[in-house]
Amino acid sequence: MTAFTVALVLVVAAAGLLRWRRPAWYWLAFGVTLAALRVLVRYRSVMDACGLTVPPARWRLSLARATNRPIPEPRPPRIRRLRPTRTGLVLRLKLRPGQDAFDIAAASDRLRHSLSMFGVTSREVRSGVVEVRMTGYDVLKRVQMPAETETRAMRVPVALREDGSVHYRDFRAIPHALTLGATESGKSVYQRNLVAGLAPLDVALVGIDCKQGVELFPLARRFSALADSPDTAAELLDALVARMADVYRLIRTQQRITVDVPDAEIAADIWDLPDELRPTPVVVLVDEVAELALYATKEEEKQRDRIITALVRLAQLGRAAGIYLEICGQRFGSELGKGITMLRAQLTGRTAHRLNDETSANMAFGDIAPDAVLAAIQIPAELRGLAIAGDASGGWHRIRAPHTSLRQAVNLCNRYAERTPDLPELAPFRPAMTGTATELVPSAKASPATA
């Protein structure tokens, strides 16, 4: 009996230590079994208390009266599957007649308390079937991405969602996106994760960093073009607009619109072209968009209008040509001048890190997901990297990117430097590696050696 007591104390102590220091290990070792039993035992009473049951069918009531049996109890949604994951549980429910997926979503906070889980979210899989994802611990406190993720062309994992699933940046589904965040909010780390995810892919990276290149130029070995000033950025964007026009001419010549070709083979964008003819897709990363929109003189105003016009054209027409925009900034509103709101309307994806005021949150989500505005301004300062991600559909999630140092991002870009495509239109803006100290030169036009 003494040995059993000692062993039990050691197991309880180990479980408590794991729950404090390594919550993910605790969940896999102890938490998932306890949580599954708790859900199965409490399920019917919790659903009844949360108002997620329906009265029994009339034929069952009539049968109970006719046979003098007890009145059947209200019925909760039927459990179709209970699946454990590395961060929680996934419960798939079949709704009863008269129930709606919104009922489950509205009761998510009550379910979280009743089932003693850290978080509960739900989504409708199809008509009458709802998937409830429950997390057993705070997965965003110490982000650990899964070892295996679903990667495909132009789709990269960049962060972890609060429900334990992976947040992907899918450029083919959401071509252009806006990322906002105050200083020291984790915006740069999110951008590094995006570059790190794109580095192994067959894609051209183009960067515009008007902070003298301090954010993007260390990653220059994987970039096909870089600009560190509004002057160079204006010429680079003009070159991208010219490339877009050339790609459209190529698509037009390869559309194959004849009576002998099925409609499915008609090309409408670069992804419909044969592999040997498909141009390399281009991702344009703008580090601080306000530096491109501000001006102090008449000459700078003309240059500013030229830059914003080029960005609007790329946002409106660039998707089919394989040109995608990823625009970052601390603020993005009408005070930056004409054309800004038109550009923002084309940026489907929205990500907001910690913001200094509610107006900035409205700039990101006011026109697509008003519920996300309050969540964006409630991000605490000590949780750097925590962000709200949404899109034009109105849905949003809390996400957090894993911490990636600049050194790690540089090493990854250097490893995949041979994948950097050489695009003739962007050759003048290709960062050159000169000298023995690997000095980075922003472009041939800006290099003193070629002036």
Side-chain angles (χ1 to χ4, degrees), residues 138 140-141 143 158-162 167 169 176-195 207-216 230 233 285-296 304 307-308 311 325-392 394-406:
D138 188 359
L140 300 184
K141 184 177 181 180
V143 178
V158 293
L160 197 66
R161 292 182 177 178
E162 63 178 339
H167 179 72
R169 177 69 176 93
H176 314 301
L178 172 65
T179 302
L180 295 178
T183 304
E184 296 295 318
S185 63
K187 188 169 73 273
S188 298
V189 174
Y190 177 86
Q191 191 178 61
R192 288 175 205 159
N193 279 277
L194 182 59
V195 174
I208 298 177
D209 183 4
C210 291
K211 295 189 296 187
Q212 297 300 314
V214 296
E215 293 288 348
L216 296 181
L285 295 102
V286 181
D287 184 66
E288 184 53 69
V289 68
E291 291 298 319
L292 300 177
L294 297 176
Y295 63 90
R304 178 256 177 218
I307 291 173
I308 298 302
L311 284 174
L325 298 181
E326 190 74 25
I327 296 180
C328 301
Q330 297 184 32
R331 287 181 63 86
F332 196 85
S334 56
E335 72 274 5
L336 295 180
K338 60 182 180 181
I340 286 295
T341 54
M342 182 185 299
L343 175 60
R344 184 177 60 177
Q346 302 296 327
L347 305 177
T348 306
R350 308 288 175 85
T351 303
H353 294 74
R354 178 178 54 83
L355 299 170
N356 291 327
D357 57 282
E358 186 177 351
T359 305
S360 299
N362 280 315
M363 295 175 190
F365 300 113
D367 55 341
I368 61 171
D371 294 341
V373 174
L374 183 60
I377 62 177
Q378 290 180 340
I379 297 176
E382 60 271 13
L383 287 180
R384 294 181 57 187
L386 188 64
I388 306 298
D391 54 49
W396 58 275
H397 308 272
R398 287 184 180 87
I399 66 170
R400 194 179 189 186
H403 179 70
T404 301
S405 66
L406 186 57

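Remember, predicted model here, so these are calculated numbers, not experimental data. Along the sequence shown, residues carry numbers from 1.
Looking at heavy atoms from C-beta onward, Arg354 lies in side-chain contact with Glu184 at the 4.5 angstrom threshold. Between Ile388 and Arg398 the shortest side-chain heavy-atom distance falls below 4.5 Å. Side chains of Leu180 and Arg331 form no contact here, defined as non-hydrogen atoms less than 4.5 Å apart. A heavy-atom distance below 4.5 Å is not found between the side chains of His353 and Ile379. Looking at heavy atoms from C-beta onward, Arg169 lies in side-chain contact with Glu326 at the 4.5 angstrom threshold. The closest side-chain heavy-atom distance from His403 to Val143 is not below 4.5 Å. Side-chain contact between Ile327 and Arg344 is absent, with no heavy-atom pair separated by less than 4.5 Å. The shortest side-chain heavy-atom distance between Gln191 and Leu216 falls under the 4.5 Å cut-off.
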Item to check | Audit row: Leu194, Leu285, side chain to side chain contact (heavy atoms under 4.5 Å, CB included) steps and yes/no | outcome: CA-CA 10 Å; Leu194 182 59; Leu285 295 102; 4.1 Å; yes
Next on the checklist: Using the rule given for side chain to side chain contact (heavy atoms under 4.5 Å, CB included), can you reason through Val158 versus His167, listing the C-alpha separation, both sets of side-chain angles and the distance that settles it, and then say yes or no?
Outcome noted: CA-CA 6 Å; Val158 293; His167 179 72; 3.7 Å; yes
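Taking CD1 of Ile377 as the reference point, atom OG of Ser360 lies at 10.5 Å (rounded to 0.5 Å). Here Arg161 contributes atom CZ and Leu140 contributes atom CG; the two are 11.5 Å apart, rounded to the nearest 0.5 Å. To the nearest 0.5 Å, atom CG of residue Leu325 and atom NE2 of residue His176 are 5.0 Å apart. Put simply, CD1 on Ile307 and CG on Leu343 are 12.0 Å apart, with the number rounded to the nearest 0.5 Å. To the nearest 0.5 Å, atoms CZ (Arg350) and CE (Met363) are separated by 12.0 Å. Atom CD1 of Ile399 is separated from atom OH of Tyr190 by 5.0 Å, given to the nearest 0.5 angstrom.
The shortest heavy-atom contact between Ala352 and Ala376 is CB-CB, 4.4 Å. The heavy-atom pair separating Ile208 from Ala233 by the smallest distance is CG2-CB, 3.8 Å. In plain terms, the two heavy atoms of Ile340 and Ala293 that are nearest each other are CD1-CB, 4.2 Å.
Panel note: side chain Asn193, backbone Pro402; a donor-acceptor pair is recorded below 3.5 Å. Arg192 contributes a side-chain N or O that, together with a main-chain N or O of Thr404, makes up a donor-acceptor pair within less than 3.5 Å. The backbone N or O of Val214 sits less than 3.5 Å from a side-chain atom of Asp209, completing a donor-acceptor pair.
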